[in-house]
Amino acid sequence: MFQAPRGTADHLPEEQKYWRYIESKAVDVATRFGFGRIDTPAFEDSNLFIRSVGEGTDIVEKEMYTFDDRGGDSITLRPEGTAPVCRAYLEHGMHNLPQPVRMYYFCPVFRYERPQAGRFRQHHQFGVEVLGDADPSVDAEVIDVAWDLMTSLGLRDINLLINSVGDPQCRPAYVAKLREYYSGYHDKLCSDCKTRLDQNPLRLLDCKVESDHALGNGAPKSADNLCGDCSEHWTKLLTYLDRMELPYQIDHRLVRGLDYYTRTVFEVQPLDGGSQSTICGGGRYDGLITQLGGRDTPGIGFATGLERLTLNLKRSEVQVPDGPKPLYLVANVGDDARIAALELSVRLRRAGVGAILSSGARGLRGQLRQANALQIPFTLILGDDEIEKGEVMVRDMESSVQESRPLAEFIEEVTKTHGRDASAE
RNA sequence: GCGAGCGUAGCCAAGAGGCCUAAGGCGCCUGUCUGUGGCACAGGAGAUCACGGGUUCGAAUCCCGUCGCUCGCCCCA
C-alpha cells in the first residue's frame, strides 16, 4: 500500500472547513489593508534561497528539497515565501508601481525536517509582504495585519512578541558584546550553546535549557544596543503600536532563524503552546532586495502556518462554519423516475442550486437514509405517482413535512430563491 | 542528524504463550419497514494481528532486525 510521504498529509473533505475559514478571514483582512494576491512557483532556482535565507541557516544547510532537473539546473522546492515574492518584485519591475507594494500569498512550503506535532515537510503558509517603504508605521501596520487576522479567527490566549535585532550598522557590535557576556559563563553552557557561541551567538538567547535561559535574563539586550537610526525606528514603532492599542510584549530573547531580518522582528505564540508554538512569525528585511541584486529597497512581512492555525483553532474549540452543502438530494423509484430525477437534478444545478442525484439503487428508504447521513436539508422524491401527475414530492428532512408540488412551479421557485441570480446572494 | 514511545479491520480498541478459524464499540451494507430517514432490533461485509527472521510442540502475545507512525531535541509556520 502506498502512503503519503513522511511529513506530508492529506487534507480530507471533513478538514476543509478549517482551511476555508482561515482563507476567507485572511483574504478579508489582507484585502481590507489593501494587499493584492500573488502566486509564485512552487520551485525556484536554488541560489535564490541560498542567497536570501542565508548559507549558515538550518533551512539552507539541511532542510531544502534541492535537486537537479533534467536540464542540469539546481532547483529547490520553496522553503519559505518571502524570497520568491522579492524575486517577483524585481523581475516584474514593481519598483515602478506606486510604493509601497503590498502583496499576500497562500502557498505550500517544503522543508526536509523530522515531522512532529505541528511540523511537516510540506505545510501551507499565508503571508504578506510590503516592499518599498522603510517607515516604522509600515512595521506597525504589518504587525496589525497579523494581529487582526489572529483575533478575527477567534484565537484567544495568544501573545504578540516583538523585538529589534538592529541592522548591519549596529548588529556586529552587539553580537560581539553578547559573545563576550556568554564567554564568561562558558563552562555553564549546554553543549548546543557552546557551538552557538561560535556560530550564531544570537541564538544563545532563546535556548530552552533552563540554566541557559536564566543566563539570558542578564544578557545584553539588542534593543539597548541599536545605532541611532535603528533606535529611532524602534521607539517610533513602539509609539505607533501603543497608539494602535496592540497588546504587544517586548521579548529581548526573540531572534529569528533567517539571516535576512533587520530591525523589527515579531511572533505570535499561543500561551500554552508546545514546542512548535509559533503560529505567526515575521520581520523587516531591508537588505534582502539588495542581496538579490536589486536597488536598495526596504521590506517587511510575516507568514503564518495554516496547519498550526488549524491546530490552535481546534485546541481552543473555535466554532468554524461548515462548508456549503447541496440543498437537495433527488431520490427516485423506478426507471422512468430515474430519468426524470436526472433531468431535475441537472436543471437545478445549471440554475445554480446544489443537488445530488441518487442512483436510486437502494430503494427509497436507503435514499432517505443517505440524505439524512449527508445532512441534506430537503429530499426530492420522484416515483410513478409524481411522474404521472407532473409533480415532485418535496420532503423537509428536519421536520419530516412533505408536500407534492407541480414540477415546473417548484423549479421556478427554487431557482428564484436559491439559484445563481437569487437576490439573497 | 540525535533521543523516547507505539504499530491488532476505514476509525477506536480487548487480548500479555495454547480457550484466537482474534472480543467489543463507531462507521459501512442489508433486513424487520416490498414508496419514506434519524430510534430500536436482527444479520452481513471488512484483519496476510506492520514486515522479515528467531525461540517454542505451539507466537498477535517472547527475542532480534527492518519499515512505518507518534512525541521530544535542533530549527521553524
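Chain A is the first sequence line, chain B the second, and so forth, proteins listed ahead of strands; every chain is numbered from 1.
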Does A/A303 or A/P5 map to a spot on RNA chain B nearer the 5' end, using the closest nucleotide for each? A/P5
What about A/R6, does its side chain sit under 3.5 Å from the base of B/rU70 through a donor-acceptor pair? no
Roughly how far apart, to the nearest Å, are B/rC73 and B/rG58 at atom C1'? 44 Å
Polar side chain donor-acceptor pair, A/D139 to A/H233, under 3.5 angstrom: yes
Just checking A/R256: base, sugar-phosphate only, or nothing, at a heavy-atom cut-off of under 4.0 Å? sugar-phosphate
Would you please test A/R284 and A/D167 for salt bridge (charged side-chain N to carboxylate O under 4.0 Å, His left out) and show each step? CA-CA 10 Å; A/R284 180 163 278 287; A/D167 69 3; over 6 Å; no
Base, sugar-phosphate alone, or nothing: which one does A/R395 contact when heavy atoms must sit under 4.0 Å apart? base
Is there a stack between A/H123 and B/rA77, judged by ring centres under 5.5 Å and planes under 30°? yes
So what does A/F120 hit on the nucleic acid, given a heavy-atom distance under 4.0 Å: a base, only sugar-phosphate, or nothing? base
Please classify the nucleic acid contact of A/Q3 as base, sugar-phosphate, or nothing, using heavy-atom distances under 4.0 Å. sugar-phosphate
Looking at B/rU70, I'd like to know if its phosphate oxygens (OP1 or OP2) sit under 4.0 Å from a side-chain N or O belonging to A/Q116. no
For RNA chain B, whose closest nucleotide is more 5', that of A/A373 or that of A/G281? A/A373
Any base atoms under 4.0 Å from A/G366, or only sugar-phosphate, or nothing? Heavy atoms, all strands. nothing
Below 30° counts as parallel, above 60° as perpendicular, anything between as tilted: where do the rings of A/F378 and A/Y328 land? tilted
Angle between ring planes, A/F126 versus A/Y104, binned at 30° and 60°: parallel, tilted or perpendicular? tilted
Sticking with atom P, work out how far B/rA23 lies from B/rU48, rounded to a whole angstrom. 14 Å
